[in-house]
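Predicted model only: the values in this text are computed from it and were never measured. Just so it is clear: chains get the letters A, B, ... in the order the sequence lines come, proteins before strands, and each one is counted from 1.
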Amino acid sequence: MQSEPPAKPLPLHSARPAPGEAPMTDQNEVHELSELLRLRREKLATLRSHGVNPYPYSFAKTIHISELLAQFDSIQEGEDHSGPEFAIAGRIVSVRIMGKAAFCHVRDEFGQMQVYVQRDRIGEAAFALFKLFDISDWVGIRGTAFVTKTGEQSLRASEVVMLAKSVRPLPVVKQQGDEVFDAFSDKESRYRQRYIDLAVNPENRGIFRSRAKIISAVREFLDARGYLEVETPALQPLYGGALARPFMTHYNALDRTFYLRIADELYLKRLVVGGFEKVYEICKDFRNEGMDRYHNPEFTMLEFYEAFADFEMIMNLAEELFRHVAQRALGATVVSYQGRTVDFGKPFRRVRFFDLLKEATGKELLGIPLPELGEIAKAHDVELTREMGEGKILDEMMKTLVRPKLVEPTFIYDYPLSLSPLAKKHRSDPRLVERFQPCALGFELGNAVSELNDPLDQRERFEAQRKLKEAGDEETQPIDEDFLSALEYGMPPTGGMGIGIDRLTMLLTDQESIREVILFPHLRS
RNA sequence: GAGAGCGUAGCUCAGCAGGUAGAGCACCGCCCUUUUUAGGCGAUGGUCCCGGGUUCGAAUCCCGGCGCUCUCACCA
């Protein structure tokens, strides 16, 4: 069988419409296809004209390529080229046709291997059709294992099956010596067409495997400690639980504005009021903010709440959690990030918020008057805007003077009251709240507090937020009467924590941009 | 939201004192039954992001838009 032209040639080479002649739509579309795409469609038609279904329904694959390679020595064929048959399936990523035989590489999810296709082995007709197979086609191969003259573990094909014809070639990476061709490295293209990125740069699939492991390790850890996984609304009539601007949407049936959640905190605490003692949720939060390498407007957050616990107990739990997740995701507690290495297996450093600022500035900042605080901040080149209150200035100083230098895993605790509208006042100093943040390698990894359960105090905090809003602050916590009502019925002492899953994944997979750990990051369309 | 840079073949990129568009790889044809993402010979491939303007002539210069990247600001 020869690779004849298609039985019904596509109108590929027809001339452009003559002036004045109405263009025929289907022809027009074909005109717009590049030579490359047209040729693939011709091959598709040729396969069909020879009775091949280029999109069959299934394939009886018997082994992953990685498994086959792992047990290669014990399954090799004998000298007569007979041996146990295996069926692999994957994408063709390279082809070398040599007249009456051909080599190609086939890649599946977990590995890739060379396939040797001989005309006299699979038959003349099948070999002629095989010549229509291209890079990026999905194929099934049955054959026996052998090693080539040059020492590569390969599969000698006895049958090749088209599983899905690709009519648009992937830019499969090719390497010759030190030269790399076709590297698919443009960030925009990689994010926009993530499927190409994953297909062509299989190492990037590892990032998302790690991400999945991290999330399952979190569940494993919390489930084992009696936490209940719950789901709370993403569409909320009132947002809260964080200080951020929300996305707004319209609920047609109710004819009112709804918000995409910026946090699930207030709902999870309602559940603690309801009697669930340990709850957690891993969910998407949405914040109407800009995006950069640390922020995506839609991101994944873990929040967990435990009744009868305070922030110190949560701190101990968090330390174990980070250790467990690192161990599960990396197989070790040692984490390397952008050239720096820390060990999550060691006890975390625990240091007070104001002690860190004292280290950085040489001054005790707790309780000093606002004007003086501003002077000190300016003296350390911390940029201030006119409307910054005490909390924001302190936060800014922490962000610029301290956090970048926090490499070792650290818990910063005892935060100023003004920064934390949902945290309980400190048992030993009313100017502080019982709150901590875990940091490592310059990252802020989460936030935890002894949850405020005094309904009257909570109302005052909400009122303070309202005043900030009236003063023009767009990132305030609105008053949530139903939540206040829940607290009035009584919430036990509770410790709670939030951990940004995306950032944790960045850290554990050594990625410098959040977009590398989100499969489909937001891009302008 | 602000500043800087970028947008040319399927991919990665060159070309820019303005003169009909280039390379490598991929792709196509022929030869080749153990190659190393093969080899040899030959060919094809582009609305140079979009829209205006300057000019005899624009990928190149100017203006406007769109998109991306990197900084900065806000935030986790």
**Q** Round to a whole Å and report the spacing from OH of A/Tyr116 to P of B/C32.
**A**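 Going from A/Tyr116 (OH) to B/C32 (P), I get 14 Å.
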**Q** If B/U20 has a Watson-Crick or G-U wobble mate with both distances under 3.5 Å, name it; if not, just say none.
**A**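 Paired with B/U20, as far as the under-3.5 Å criterion goes, is no nucleotide at all.
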**Q** Base, sugar-phosphate alone, or nothing: which one does A/Asn296 contact when heavy atoms must sit under 4.0 Å apart?
**A**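 Base contact.
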**Q** Is there a side-chain contact between A/Ile65 and A/Phe110, using heavy atoms and a 4.5 Å cut-off?
**A**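 No, side chains not in contact.
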**Q** Take atom P in B/C6 and the same atom in B/C61, then report the distance between them in whole Å.
**A**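 Between the two P atoms, the distance is 10 Å.
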**Q** Output the single nucleotide from B/C74, B/C28, B/U34 whose closest atom is nearest the side chain of A/Asp134.
**A**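 In terms of side-chain proximity for A/Asp134, the closest of B/C74, B/C28, B/U34 is B/C28.
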**Q** Looking at B/C28, B/C68, B/U35, which one has an atom nearest to any side-chain atom of A/Arg515?
**A**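 Of the candidates, B/C68 comes closest.
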**Q** Indicate the ring-plane relationship of A/Tyr116 and A/Phe103, choosing parallel, tilted or perpendicular according to the 30° and 60° boundaries.
**A**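 Rings of A/Tyr116 and A/Phe103: parallel, as their planes differ by under 30°.
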**Q** Passes side chain to side chain contact (heavy atoms under 4.5 Å, CB included), A/Asp285 versus A/Ile262? Steps please.
**A** CA-CA 5 Å; A/Asp285 287 347; A/Ile262 59 172; 5.7 Å; no
**Q** Under 3.5 Å, is there a donor-acceptor pair between the side chain of A/Arg48 and the main chain of A/Pro54?
**A**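 Absent.
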**Q** Take the angle between the ring planes of A/Phe286 and A/Phe247 and call it parallel below 30°, perpendicular above 60°, tilted in between.
**A**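 If you compare the ring of A/Phe286 with that of A/Phe247, the planes turn out perpendicular.
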**Q** Does A/Glu231 CD have over 12 foreign heavy atoms under 6.0 Å away?
**A**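 Atom CD in A/Glu231 is not crowded, with 12 or fewer foreign heavy atoms closer than 6.0 Å.
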**Q** What is the distance, rounded to the nearest whole Å, between atom NZ of A/Lys100 and atom P of B/U35?
**A**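 Whole-Å distance recorded here is 16 Å.
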**Q** Between B/A21 and B/A59, how far apart are the two C1' atoms, rounded to whole Å?
**A**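 About 8 Å, rounded to a whole number of Å.
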**Q** Atom CZ of A/Arg41 to atom C1' of B/G10: distance rounded to whole Å?
**A**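 Checked: the CZ to C1' distance equals 14 Å.
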**Q** I want to verify a distance call: between B/C11, B/U34, B/C32, whose nearest atom is closest to the A/Phe184 side chain?
**A**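 That would be B/C11.
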**Q** Is there, by distance only and without an angle test, a donor paired with an acceptor across the side chain of A/Glu152 and the base of B/U34 below 3.5 Å?
**A**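 No pair found.
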**Q** Classify the side chain of A/Arg107 versus the base of B/U37 as yes if they form a donor-acceptor pair under 3.5 Å and no if they do not.
**A**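 Checked by distance alone, the answer is no.
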**Q** For A/Phe133 and B/C27, what is the distance between atoms CZ and C1' respectively, to the nearest whole Å?
**A**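 After rounding, the gap between these two atoms is 18 Å.
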**Q** Contact class for A/Phe146 (heavy atom, under 4.0 Å): base, sugar-phosphate, or nothing?
**A**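 A/Phe146: base contact, heavy atoms under 4.0 Å.
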**Q** Using whole Å, report how far CG of A/Asp197 lies from P of B/U12.
**A**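 After rounding, the reported distance stands at 11 Å.
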**Q** How should the glycosidic conformation of B/A14 be described, syn or anti, under the criterion that syn lies within 90° of 0?
**A**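 Anti for B/A14; the angle lies over 90° from 0.
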**Q** Please report the distance, rounded to the nearest Å, between OH in A/Tyr294 and C1' in B/C72.
**A**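 About 13 Å, once rounded to whole Å.
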**Q** Go ahead and name the base partner of B/U71; Watson-Crick or wobble counts if both distances stay under 3.5 Å, otherwise write none.
**A**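 B/U71 is paired with B/A2.
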**Q** Touch check for A/Arg156, heavy atoms < 4.0 angstrom, all strands: base, sugar-phosphate only, or nothing?
**A**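 Touches a base.
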**Q** How far, in whole Å, is B/G67 from B/C49 if one measures between their C1' atoms?
**A**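 Between the two C1' atoms, the distance is 8 Å.
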**Q** Taking the P atom of each, how far is B/U60 from B/U54, in whole Å?
**A**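 The answer is 15 Å between these two P atoms.
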**Q** For the pair made of CG in A/Leu37 and C1' in B/C28, what is the distance, rounded to whole Å?
**A**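 Between C1' of B/C28 and CG of A/Leu37: 14 Å.
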**Q** Using a 4.0 Å heavy-atom cut-off across all strands, classify A/Ile97 as base, sugar-phosphate, or nothing.
**A**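 Base contact.
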**Q** NA contact type, A/Gln118, heavy-atom cut-off 4.0 Å: base, sugar-phosphate, or nothing?
**A**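 The answer is base, as A/Gln118 lies within the cut-off (heavy atoms under 4.0 Å) of a base atom.
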**Q** Output yes when at least one side-chain N/O atom of A/Arg192 is less than 4.0 Å from OP1 or OP2 of B/C68, else no.
**A**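 For A/Arg192, the contact criterion (side-chain N or O under 4.0 Å from OP1 or OP2 of B/C68) is met.
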**Q** Within a reach of under 6.0 Å around CZ of A/Arg403, are more than 12 heavy atoms found that belong to other residues, nucleotides or ligands?
**A**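 Counting neighbours around CZ of A/Arg403, more than 12 heavy atoms of other residues, nucleotides or ligands fall under 6.0 Å, so yes.
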**Q** Rounded off to whole Å, could you give me the CD-to-P distance for the A/Glu42 and B/U44 pair?
**A**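 Nearest whole value for this atom pair: 17 Å.
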**Q** With a 4.0 Å limit, can you tell me whether A/Lys43 has a side-chain N or O closer than that to the phosphate oxygens OP1/OP2 of B/C28?
**A**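 Yes.
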**Q** Taking atom C1' in both B/G29 and B/C68, what distance in whole Å separates the two?
**A**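 Those two atoms are separated by 39 Å.
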**Q** Mind checking who B/U55 pairs with, Watson-Crick or G-U wobble, both distances under 3.5 Å?
**A**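 When the pairing criteria are applied, nothing turns out to pair with B/U55, so the answer is none.
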**Q** Need the pair for B/G10. Rule: Watson-Crick or G-U wobble, both distances under 3.5 Å, any strand; none if unpaired.
**A**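 Paired with B/C25.
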**Q** Below 4.0 angstrom from OP1 or OP2 of B/C70, is there any side-chain N or O of A/Lys187?
**A**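 Yes.
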**Q** Here's a test of your reading of the structure: between A/Ala101 and A/Pro169, which maps to the more 5' nucleotide of RNA chain B?
**A**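 By nearest-heavy-atom nucleotide position, the 5'-most residue is A/Pro169.
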**Q** Under a 3.5 Å cut-off for both contacts, is B/U60 paired Watson-Crick or G-U wobble with anything, and if yes, with which nucleotide?
**A**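 B/U60 is unpaired by these criteria.
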**Q** If you assign A/His105 and A/Gly99 each to the RNA chain B nucleotide with the nearest heavy atom, which residue ends up on the more 5' nucleotide?
**A**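 That would be A/Gly99.
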**Q** Find the partner of B/C32: check Watson-Crick (N1-N3 plus N6-O4 or O6-N4) and G-U wobble (N1-O2, O6-N3) distances, both under 3.5 Å, and reply none if neither fits.
**A**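 Its partner: none found.
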**Q** If I pick the P atom on B/U20 and the same atom on B/C25, what distance separates them, to the nearest angstrom?
**A**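 To the nearest whole Å, 26 Å.
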**Q** Indicate, yes or no, whether a donor-acceptor pair under 3.5 Å links the base of B/U37 to the side chain of A/Gln112.
**A**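 Yes.
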**Q** Please name the residue in the list A/Lys284, A/Arg211, A/Arg515 that meets the salt bridge (Lys or Arg N to Asp or Glu O under 4.0 Å) test with A/Asp502.
**A**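 When salt bridge (Lys or Arg N to Asp or Glu O under 4.0 Å) is applied between A/Asp502 and each of A/Lys284, A/Arg211, A/Arg515, only A/Arg211 qualifies.
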**Q** Measure from the side-chain heavy atoms of A/Arg293 and tell me the nearest of B/C28, B/U69, B/C70.
**A**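 The answer is B/C70.
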**Q** Determine whether a donor-acceptor pair (one donor, one acceptor, N or O, separation below 3.5 Å) exists between the side chain of A/Asp292 and the base of B/C74.
**A**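 Present.
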